[in-house]
Protein chains: 2
Amino acid sequence: MTNRGRLDEVLRQALYMVRPAPEELKMAENIAQTLVESLRTAFAGRAVKVTLEGSYAKGTVLRGRNEVDIFIHFHPSNPLDKISRETIETSSHIIKSLGGIVRLRYAEHPYTEGFIDKVRVNIVPCYSVEKGAWITAVDRTPYHTEFVRKNLRENQVGDVQLLKGFLTASDLYGAEIRVSGFSGYLCELLIIHYGTLANLIREAVEWRPPVLVGPKSIALHKKYPSAAMILADPVDENRNVAAAVSAENLHHFVLLSRLFLAQPRLEYFNRPSWGENLNMAGRGLLSIVFDTPSGKPPDILWGEIRRTAEGISRCLAHHGFTPLRWKAHTDERSAVILFELDETVLPPHHVHAGPPVTHHRAIEFVQRQVRSPRVVAGPWISGGRLYSLRRREYTRADRLLMEKLKVGEISVAKGLAEALNQAKITQDSEVIKAELDARDLTAFLAEFVEACPGYIKTYRSHT
Amino acid sequence: MTNRGRLDEVLRQALYMVRPAPEELKMAENIAQTLVESLRTAFAGRAVKVTLEGSYAKGTVLRGRNEVDIFIHFHPSNPLDKISRETIETSSHIIKSLGGIVRLRYAEHPYTEGFIDKVRVNIVPCYSVEKGAWITAVDRTPYHTEFVRKNLRENQVGDVQLLKGFLTASDLYGAEIRVSGFSGYLCELLIIHYGTLANLIREAVEWRPPVLVGPKSIALHKKYPSAAMILADPVDENRNVAAAVSAENLHHFVLLSRLFLAQPRLEYFNRPSWGENLNMAGRGLLSIVFDTPSGKPPDILWGEIRRTAEGISRCLAHHGFTPLRWKAHTDERSAVILFELDETVLPPHHVHAGPPVTHHRAIEFVQRQVRSPRVVAGPWISGGRLYSLRRREYTRADRLLMEKLKVGEISVAKGLAEALNQAKITQDSEVIKAELDARDLTAFLAEFVEACPGYIKTYRSHT
């Protein structure tokens, strides 16, 4: 079979994996209809209308990700806190009356998340406004639904589902900060733009960030020069639909596309399993475990975790360690940040580079070195420059972080500073393993230790 | 006292340290006269003339370095091997008859070195030629003597001796490869050019290599673009008198001048002592001890040792070690090269950087990593680039060098390759200390471990 033929065949087979089962859709349809009717009755006179939105409304739902988004459209004369409160109160009552459970969520403003018979439902208040006259971010959503319904052809729906499945298997699907990947709407626009998933993949293998999709992205790039990927929202040309996609994840998508195109396989639509051979011997692993303040929206918490991990990395690097990677996990009660360093124990001395001999501060450097009790050798000259050998202040990464966190000398997220004071920090592999096993994070640890994206693991197991 | 006054005072006092004692000069004068007379008689009819040359003839002898150079001038019609043989035979006979001992030395061609009553005498054959019609390198020497005698003023002789003493105390005096410093003739020309040592030092503090002395050095710099220092020989404008001065030593001279000028002290004319507090704990020291093939001229041996040490440094760096410095010692029977590394034991793994994800060889890299049994983690993506963690081939520097020297995979000087096969290599501080103590190299080891030039040590002990 030609490579092209193989690609088409794999995508054809993968469709069975990514399309929801008919009974799954049927169940969602029943729930959606019941809910919409109840909400219409409940909000009659108070809201302009109640509509189905999101991937369910567009028919692009991914198997196992069946969720129903219902929007309550209010007149702009209603204050935001009023429409939020009313939506939450009334929708919670209705979900419970249908035997479901309710959770409060926040995007830009609060909305209701519920579960009825395993189907997730999101009930979101928005304003009924003209295009461009947005009051809240979600006011665009009904226009997104409309645009996709109009522009996504019937025979492209499967490609959107394939793309979502392809991304999900490699942890690249989702615009939330934890994932920093591709949103559902971005997937739909990409398929509309490139026609098919096969076309998108054939383009993606040549991408070099920043990736500008469509002619309108050029103007937007000037506005967001540091965005890794840019696609102008057709319902609001000032908005970058791909804003959430991190450079790292875009690179993952490029490499994933290259590997998949080189050797199309159904396995790229499945998440690989982790945790068989945990080779931690001689590795510079370090774990930081701490309780997280309760009630934080996930995007806020993940943003704080990322800033904290970056601050810790900088502190490690500043003290001579070489942080290679980090990865975090949180169940929103406690968090674990794993680091891998070149070494977690450094030699007792380090070379300190001074100015060139001919520099006007050379004498000053010599003076400081000969007076410093931390200098154990030198200063000597090498290549015209002065050097000395100094006693290292911290040879162990765990000690460094414990002390520096205690005195607040690491730039961490303010919202986590207190929790980090009490953090458990360890660089003993056995202890890390026991700690993470006890927290049911064996797979997370294994994935970190393997340090290999799922799709490369898939590639590896077939070469 | 002003700084200028202090400088003058220190130089005045230092003169007593650098000027030979009258009895030292008297003894040399007697020996020189006797030798010249005997040689004139012996070479009557065979040689054109016999003359006194070198620092003794110019009156610029440094205390304790009293040596007499006598040149036998032959007519160019005599072949080189004939004049060498005749000089060696006759002069050896004469030295022995005066109760001295004889050693054969090589520069460009062989000459006789002898010791009579502790005075070193060098008896060198040369050709009596017009300026510029040089047959051998030493044919210039009589013209050098003549030039210095004509151009060095009586009151500048002391400054030459001071400069030689200043350089000797910091191991910067001598054009031989071991030292790679300032020759006696260069010292004389520098004083002639700058007038006094104080002037030279005041200029040197501003030097930035390459240092071009005199207007004629500019043309010469084009011919020798990589020379650290250039001073055109007044008797042969195509020759760089400062060719032997290494960039490193020139930098030492600049820093020495800056420290001395900032705080003039008599101690800069003395070599400091080494070896009180040997702090070797936690240092990445490594020693290589080997027998040297006998009968090699020192300049050849030192050149080979340097090339070998550089080859070993490259091998260490190539395998992930960080060589900081090296220093060698040889008594021309055996040699010791000491290295200091950042660490002599590296962690079991190392990060291997691959191409950017967007590079056309990215897939090839991934393929190699997933197939390699040495890869323990990854490949992962960071900053758009691929990385993997690989098992290190050598974690100990001593094992690496032992194996690589055995199979000839280190670029060492050919003349030392066989000896290095049998080299004793150790990175255990206790063993290094015992080995060097047994060889009477305690001071050499101490100097290396302190890693601080003598003049900085002097500076340190007075701040």
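Protein chains get the first letters and strands the later ones, always in sequence-line order, with residue 1 at the start of each.
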*Where on A:Tyr459 is there a heavy atom nearer than 4.5 Å to chain B: the side chain, the backbone, both, or neither?*
side chain
_At a 4.5 Å cut-off on heavy atoms, which part of B:Leu386 comes close to chain A: side chain, backbone, both, or neither?_
side chain
_Suppose we screen for salt bridge (Lys or Arg N to Asp or Glu O under 4.0 Å). Which residues come up paired with B:Arg391, at least two apart in sequence or across chains?_
none
*Select one option (side chain, backbone, both, neither) describing which atoms of A:Phe448 are under 4.5 Å from chain B's heavy atoms.*
neither
_Proximal component of B:Arg385, with respect to chain A [non-hydrogen, under 4.5 Å]_ = neither
*Most heavy-atom pairs under 4.5 angstrom with chain B, which of A:Ala228, A:Pro347, A:Pro348?*
A:Pro347
_Please identify, among A:Pro356, A:Pro379, A:Gly284, the residue contributing the most non-hydrogen atom pairs under 4.5 Å to chain B._
A:Pro379
*asked:* With a sphere of 6.0 Å drawn around CZ of A:Arg4, does it hold more than 12 non-hydrogen atoms of other residues, nucleotides or ligands?
replied: no
*How many angstroms lie between NE2 in B:His350 and OG1 in A:Thr322, if you round to the nearest 0.5 Å?*
14.0 Å
*With a 4.5 angstrom heavy-atom cut-off, which part of B:Ala281 approaches chain A: side chain, backbone, both or neither?*
backbone
_Please classify the contact between B:Leu250 and chain A as side chain, backbone, both or neither, with a heavy-atom cut-off of under 4.5 Å._
neither
*Could you give the distance from CD1 (B:Ile363) to CD (A:Gln263), rounded to the nearest 0.5 Å?*
10.0 Å
_Can you tell me which of B:Arg208, B:Arg258, B:Glu248 forms the most heavy-atom pairs within a distance under 4.5 Å of chain A?_
B:Arg258
*Where do A:Gln369 and B:Ile456 land on the side chain to side chain contact (heavy atoms under 4.5 Å, CB included) test, with the steps shown first?*
CA-CA 10 Å; A:Gln369 302 317 299; B:Ile456 295 186; over 6 Å; no
_Spatial distance of atom CH2 (B:Trp380) from atom CD (A:Glu340) [nearest 0.5 Å]_ = 6.0 Å
*asked:* Could you go through A:Arg283 and B:Leu389, starting from their C-alpha distance and side-chain angles, then the distance that decides it, and tell me whether this counts as side chain to side chain contact (heavy atoms under 4.5 Å, CB included)?
replied: CA-CA 10 Å; A:Arg283 298 282 289 273; B:Leu389 198 69; 3.1 Å; yes
*Among B:Leu324, B:Val205, B:Val375, who wins on heavy-atom pairs under 4.5 Å with chain A?*
B:Leu324
_Quick check on A:Arg271: does its CZ atom have over 12 non-hydrogen neighbours (other residues, nucleotides or ligands) under 6.0 Å away?_
yes
*Hey, what do you get for CG (B:Leu346) to CD (A:Glu343), rounding to the nearest 0.5 Å?*
7.0 Å
*Counting heavy atoms not belonging to A:Arg361, are there more than 12 under 6.0 Å from its CZ?*
no
*asked:* Please report the interatomic distance CD(B:Glu206) to OG1(A:Thr358), rounded to the nearest 0.5 Å.
replied: 10.5 Å
*Picking from B:Gly378, B:Gly282, B:Ala377, which has the most non-hydrogen pairs under 4.5 angstrom with chain A?*
B:Gly378
